[in-house]
Novice: 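Attaching a single structure in structure tokens format; questions to follow.
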Amino acid sequence: MKNLGRRTLLRGGAASALALLFSGQLDIAGARAAGLNFGPLKPFEFEALVDRARDMSTRPYQPPYQPMPEVVSRIDYEVHGKIRFDTAKALFGEGPAAFPVTFFHLGNFFPKAVKMHAVERGWSREILYSPDYFDMPEDSIARQLPSDSGFAGFKLHESRKRSDWKTQDWIAFLGASYFRAIGELNQYGLSARGLAVDVAAPQPEEFPDFTEFYIESAENAEDPVIISAMLDGPSVVGAYRFSLHRTEAVVMEVEQHIFLRKDIYRLGIAPIVSMFWYAEYNRRFREDWRPEIHDSDGLAIWTGGGERLWRPLNNPDRVITSSFLDENPRGFGLLQRDRNFEHYLDGVHYDKRPTLWCEPLSPWGEGAVQLVEIPTNDEIHDNIGAFWVPKAPAVAGNAYSFNYRLFWVDQEPYPAENVAVNTATRIGRGGQPGRARPEGVTKFMLEFAGEALDAIGPDDEPEAVISTSRGEISYVFNEPVPDTKRRWRIQFDLAAEGAEPVEMRVYLRLGDRPLTETWLYQFQPEFPA
């Protein structure tokens with residue numbers, strides 16, 4: 001039998017698809033949506049997108065189209081909020097695919113046009129922008145934009161079988177390479193990005209953009225939605241394939257191929273972005289009336305060696321980057337562990353913000369999970385970033401492929417089975433009640449909870465293992481939390497002079513067996529209260 005090459009197969013597939021098209025059996029599903037305009041039919045395959053990204057990386061960067069910047073810059077948060085896509089014109093809104101798609105208008109914070117395509121059976125058609133797709137006030141400045149302005153992003157709505165699909169979406173791609181999804185508690189919160197380039201680096205951060213999307217919606221709600229995307233920026237080009245699953249939560253597999261145009265100081269893979277203003281352990285006097293405000297309260301890491309790490313987040317007085325060296329990590333994520341509404345008392349449901357966990361699906365080699373914490377004085381700023389940084393320098397001409405799975409869930413998808421987890425970090429004045437409090441001494445009270453604590457018998461004496469980068473530890477003891485089950489706490493005082501941060505590491509063990517995950521913290525002794 002004669003071997004058939006890739007091009008021969010493509011030509012054969014094209015002929016078959018065209019035959020189906022002219023017989024009326026092949027129709028890009030989006031073309032059935034009322035009122036949408038489409039470009040010509042073109043073949044599409046993800047491998048070709050990867051090839052194009054590789055080729056583009058050898059040529060100079062060309063910025064995306066930005067129509068009338070003087071007008072788009074005036075479409076601020078308030079103006080943009082009054083511009084809504086007409087769900088009667090939703091892509092796949094009339095079927096046959098399960099999840100309708102609507103689009104975002106350009107605005108001040110996302111001024112670059114992004115090309116959108118509907119895909120079916122290896123063929124695509126571009127969805128052409130029209131202002132008629134949007135409901136907006138008659139005097140909206142957005143009406144001054146040209147007819148070829150383009151879209152800023154898109155979102156997937158719930159299944160058409162649900163009565164609320166027109167008002168409820170479950171994932172959105174909007175701005176640079178940002179995207180976010182709701183978790184098991186049906187609430188948006190933190191975001192992910194396609195790539196992080198030079199976050200907290202000596203040079204300004206670069207924000208590459210998703211410039212093209214190819215949307216192939218699922219026939220049934222149980223099937224994945226396939227999104228392919230082109231990423232482009234001054235230093236990097238990439239091709240991405242997202243397989244999106246709408247279960248009780250949102251789970252997505254990501255296939256990523258990136259090609260460097262230029263050297264990159266800090267290349268962040270699978271970046272997660274969140275907000276942390278304050279929590280119970282670092283709230284300043286009269287900061288705000290609410291007890292806590294954060295989308296995430298800690299970074300969790302499951303190392304390649306199997307150790308479980310937990311790092312409570314900080315809102316520092318300067319930009320801080322922390323590196324956790326590892327090889328082939330099993331996973332990491334920014335978690336919202338505290339689900340008690342009384343700890344927030346807020347109508348925007350911080351208690352329901354999703355946890356985002358990243359699971360590598362292939363060996364990632366040597367590198368580090370890096371955590372970047374940026375000062376903020378309000379809840380409107382994303383000031384927390386976590387991502388994987390390969391050990392080898394990221395130099396022009398390098399190519400990378402990463403596969404990973406993202407879980408937008410209530411708690412981490414692979415909970416620790418053999419160790420208890422940290423459930424509270426509390427910080428106060430050192431010393432003992434009823435005695436003069438020593439200057440420059442800080443007390444730490446850590447609580448852990450979990451079945452692993454059942455191993456502690458009535459005659460056992462578990463040990464608190466504490467290490468610090470500097471300073472002196474005193475007044476150490478551990479005990480069960482009174483009137484509770486499976487909860488234990490560790491208490492100690494730290495005396496550390498000067499303003500340099502203190503890196504801390506604590507866990508509880510019984511003999512040679514760790515009973516808890518490892519609590520990590522970066523304490524700033526002279527951070528103003």
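For clarity, every value in this text was computed on a predicted model and none was experimentally measured.
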Novice: Checking side-chain hydrogen bond (donor to acceptor under 3.5 Å, both in side chains) for the pair H381/T376: CA distance, chi angles, key distance, verdict?
Specialist: CA-CA 7 Å; H381 304 295; T376 187; 4.7 Å; no
Novice: Can you confirm whether the side chains of E222 and H245 place a donor and an acceptor under 3.5 Å from each other?
Specialist: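 No, because no side-chain N or O of E222 sits under 3.5 Å from a partner of the opposite role on H245.
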Novice: Please determine whether the number of non-hydrogen atoms from other residues, nucleotides or ligands lying under 6.0 Å from atom CD of E500 exceeds 12.
Specialist: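 No.
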Novice: With a sphere of 6.0 Å drawn around CD of Q203, does it hold more than 12 non-hydrogen atoms of other residues, nucleotides or ligands?
Specialist: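 Yes, CD of Q203 has more than 12 neighbouring heavy atoms, counting only those of other groups under 6.0 Å.
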Novice: Do W364 and N328 get their side chains close enough for a donor-acceptor pair, meaning under 3.5 Å?
Specialist: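 No, no side-chain donor-acceptor pair sits under 3.5 Å.
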Novice: Using the ring centroid of each side chain, check whether W170 and F99 are separated by less than 6.0 Å.
Specialist: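 Judged by ring-centre distance (under 6.0 Å), W170 and F99 do meet the cut-off.
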Novice: Are more than 12 heavy atoms from other residues, nucleotides or ligands located less than 6.0 Å from atom CZ of R429?
Specialist: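 Not buried by this count: 12 neighbours or fewer within 6.0 Å.
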Novice: Taking the six-membered ring for Trp, are Y344 and H294 ring centroids under 6.0 Å apart?
Specialist: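 Yes: the rings meet the under 6.0 Å criterion.
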Novice: Evaluate whether atom CD of E439 has more than 12 neighbouring non-hydrogen atoms of other residues, nucleotides or ligands under 6.0 angstrom away.
Specialist: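 No, the 6.0 Å shell around CD holds no more than 12 heavy atoms from other groups.
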Novice: May I ask you to check whether D378 and W277 show a side-chain donor-acceptor distance below 3.5 Å?
Specialist: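 Not at all, the side chains of D378 and W277 share no donor-acceptor pair under 3.5 Å.
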Novice: Kindly indicate, with the supporting measurements, whether the criterion side-chain contact (heavy atoms from CB on, under 4.5 Å) is fulfilled by L334 and W357.
Specialist: CA-CA 7 Å; L334 292 176; W357 181 263; over 6 Å; no
Novice: Within the structure provided, determine whether Y404 and Q256 are in side-chain contact (heavy-atom separation under 4.5 Å).
Specialist: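 The answer is yes, as the side chains (C-beta and beyond) meet within the 4.5 Å cut-off.
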Novice: Looking only at the aromatic ring of each residue, does the gap between the centers of F341 and Y350 stay below 6.0 angstrom?
Specialist: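 No, the ring centres sit 6.0 Å or more apart.
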Novice: Looking only at the side chains, is there a donor atom on one of Q370 and R266 sitting less than 3.5 Å from an acceptor on the other?
Specialist: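 Yes.
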Novice: Assess whether atom CD of E497 is packed by more than 12 heavy atoms of other residues, nucleotides or ligands within 6.0 Å.
Specialist: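 At most 12 heavy atoms, drawn from other residues, nucleotides or ligands, come within 6.0 Å of this atom.
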Novice: Using only heavy-atom distances, determine whether the side chains of E307 and T518 contain a donor-acceptor pair under 3.5 Å.
Specialist: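 Short answer, yes.
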Novice: Please determine whether a side-chain nitrogen of the Lys or Arg among R246 and E158 lies less than 4.0 Å from a carboxylate oxygen of the Asp or Glu.
Specialist: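 A salt bridge links R246 with E158.
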Novice: Flag the pair F242 / F173 as yes when their ring centroid distance falls below 6.0 Å, and as no otherwise.
Specialist: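 Aromatic pair counts; centres sit under 6.0 Å.
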Novice: Please report the shortest heavy-atom distance between L260 and V395, naming the atom on each side.
Specialist: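 Scanning both residues, the minimum pair turns out to be CD1-O, 3.5 Å.
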Novice: Can you name the closest pair of heavy atoms from V250 and A181 and give their distance?
Specialist: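 Looks like CG1-CB, 3.8 Å.
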Novice: Will you find, in the side chains of N398 and Y400, an N or O donor that is under 3.5 Å from an N or O acceptor?
Specialist: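 The criterion, which ignores hydrogens and geometry beyond distance, is satisfied for Y400 and N398.
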Novice: Show your working on salt bridge (Lys or Arg N to Asp or Glu O under 4.0 Å) between E451 and K485 and close with a plain yes or no.
Specialist: CA-CA 9 Å; E451 293 183 8; K485 295 180 65 175; over 6 Å; no
Novice: Show the nearest heavy-atom pair for residues S217 and V225, with the distance to one decimal.
Specialist: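 Scanning both residues completely, I find the closest heavy atoms to be CA-CG1, 4.0 Å.
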Novice: Would R486 and E447 pass as an ion pair if we require N to O under 4.0 Å?
Specialist: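 No, this pair does not count.
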Novice: Tell me whether E287 at atom CD has more than 12 heavy atoms from other residues, nucleotides or ligands lying less than 6.0 Å away.
Specialist: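 Enclosed: over 12 neighbouring heavy atoms sit under 6.0 Å from CD of E287.
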Novice: If you count the non-hydrogen atoms of other residues, nucleotides and ligands that lie under 6.0 Å from CD in E205, is the total more than 12?
Specialist: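 Enclosed.
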Novice: Check whether Y188 forms a cation-pi arrangement with R180 (NZ or CZ under 6.0 Å from the six-membered ring centre, at most 45° off the ring normal).
Specialist: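 Yes, R180 and Y188 form such a contact.
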Novice: Could you check whether any side-chain heavy atom of N340 comes within less than 4.5 Å of a side-chain heavy atom of D351, counting everything from C-beta outward?
Specialist: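 Heavy-atom side-chain distance check fails, nothing below 4.5 Å.
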Novice: With the threshold set at 4.0 Å, does a side-chain nitrogen-carboxylate oxygen contact exist between R330 and E359?
Specialist: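 So R330 does not pair with E359 through a salt bridge.
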Novice: When the ring centroid of F46 is compared with that of Y214, is the distance short of 6.0 Å?
Specialist: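 Centroid separation for F46 and Y214: 6.0 Å or greater.
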Novice: For R290, is there an ion pair with E379 - N to carboxylate O distance below 4.0 angstrom?
Specialist: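 Salt bridge present between E379 and R290.
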Novice: Contact between I384 and S296 at the side-chain level, heavy atoms closer than 4.5 Å - yes or no?
Specialist: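 In short, these two side chains do not touch, never coming nearer than 4.5 Å.
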Novice: Just wondering, do L49 and D51 contact through their side chains at under 4.5 Å, heavy atoms?
Specialist: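 Counting from C-beta outward, D51 and L49 never come under 4.5 Å.
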Novice: Is E248 atom CD crowded by more than 12 heavy atoms from other residues, nucleotides or ligands, each under 6.0 Å away?
Specialist: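 No, CD of E248 has 12 or fewer neighbouring heavy atoms, counting only those of other groups under 6.0 Å.
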Novice: Regarding W165 and S159, is there a side-chain donor-to-acceptor distance under 3.5 Å anywhere?
Specialist: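 No, because no side-chain N or O of W165 sits under 3.5 Å from a partner of the opposite role on S159.
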Novice: Under 6.0 Å from the six-membered ring centre of W302 and within 45° of its axis: does the NZ or CZ of R308 meet both?
Specialist: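 Because its charged atom sits under 6.0 Å from the ring centre and within 45° of the axis, R308 does stack over W302.
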Novice: Can R353 and D295 be counted as an ion pair, charged N to O under 4.0 angstrom?
Specialist: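 Here R353 pairs with D295 in a salt bridge, since their nearest N and O are under 4.0 Å apart.
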Novice: Let me see the working for I427 and K443 under side-chain contact (heavy atoms from CB on, under 4.5 Å), right down to the final yes or no.
Specialist: CA-CA 6 Å; I427 302 175; K443 184 177 297 297; over 6 Å; no
Novice: Check whether the side chains of D338 and H343 place a donor and an acceptor atom closer than 3.5 Å, and report yes or no.
Specialist: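 Checked: D338/H343 side chains pair up, N/O donor to acceptor below 3.5 Å.
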Novice: Assess the side chains of S235 and E206: does a donor N or O sit below 3.5 Å from an acceptor N or O?
Specialist: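 Judged by distance alone, the side chains do pair up.
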Novice: Under 6.0 Å between ring centres: does that hold for F104 and F154?
Specialist: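 Not close enough - the centres of the two rings lie 6.0 Å or further apart.
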Novice: How far apart are the closest heavy atoms of P316 and P375, and which atoms are they?
Specialist: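 Looks like O-CB, 3.2 Å.
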Novice: Start with the C-alpha distance between Y240 and F210, add both sets of side-chain angles, then the distance that settles side-chain contact (heavy atoms from CB on, under 4.5 Å), and finish with yes or no.
Specialist: CA-CA 9 Å; Y240 289 69; F210 283 136; 3.8 Å; yes
Novice: Among R311, R505, R337, find the one that has a salt bridge (charged side-chain N to carboxylate O under 4.0 Å, His left out) with E517.
Specialist: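 Looking at R311, R505, R337, the match for E517 under the salt bridge (charged side-chain N to carboxylate O under 4.0 Å, His left out) is R337.
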Novice: Give the intermediate values and the outcome of side-chain contact (heavy atoms from CB on, under 4.5 Å) for residues I258 and L195.
Specialist: CA-CA 9 Å; I258 55 177; L195 199 67; 3.8 Å; yes
Novice: Could you check, using the six-membered ring where one of them is a Trp, whether F109 and Y77 have ring centers closer than 6.0 angstrom?
Specialist: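 Ring-ring flag for F109/Y77: false, centres at least 6.0 Å apart.
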Novice: Would you call E255 and R241 a salt bridge, taking side-chain N to carboxylate O under 4.0 Å as the test?
Specialist: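 R241 and E255: not salt-bridged.
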Novice: Does R339 pair with D410 as a salt bridge, N-O distance under 4.0 Å?
Specialist: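 A salt bridge is present here (some side-chain N lies under 4.0 Å from a carboxylate O).
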Novice: Using ring-ring contact (aromatic ring centres under 6.0 Å, His included), reason through F477 and F492 one step at a time and then give a plain yes or no.
Specialist: CA-CA 7 Å; F477 71 88; F492 61 93; over 10 Å; no
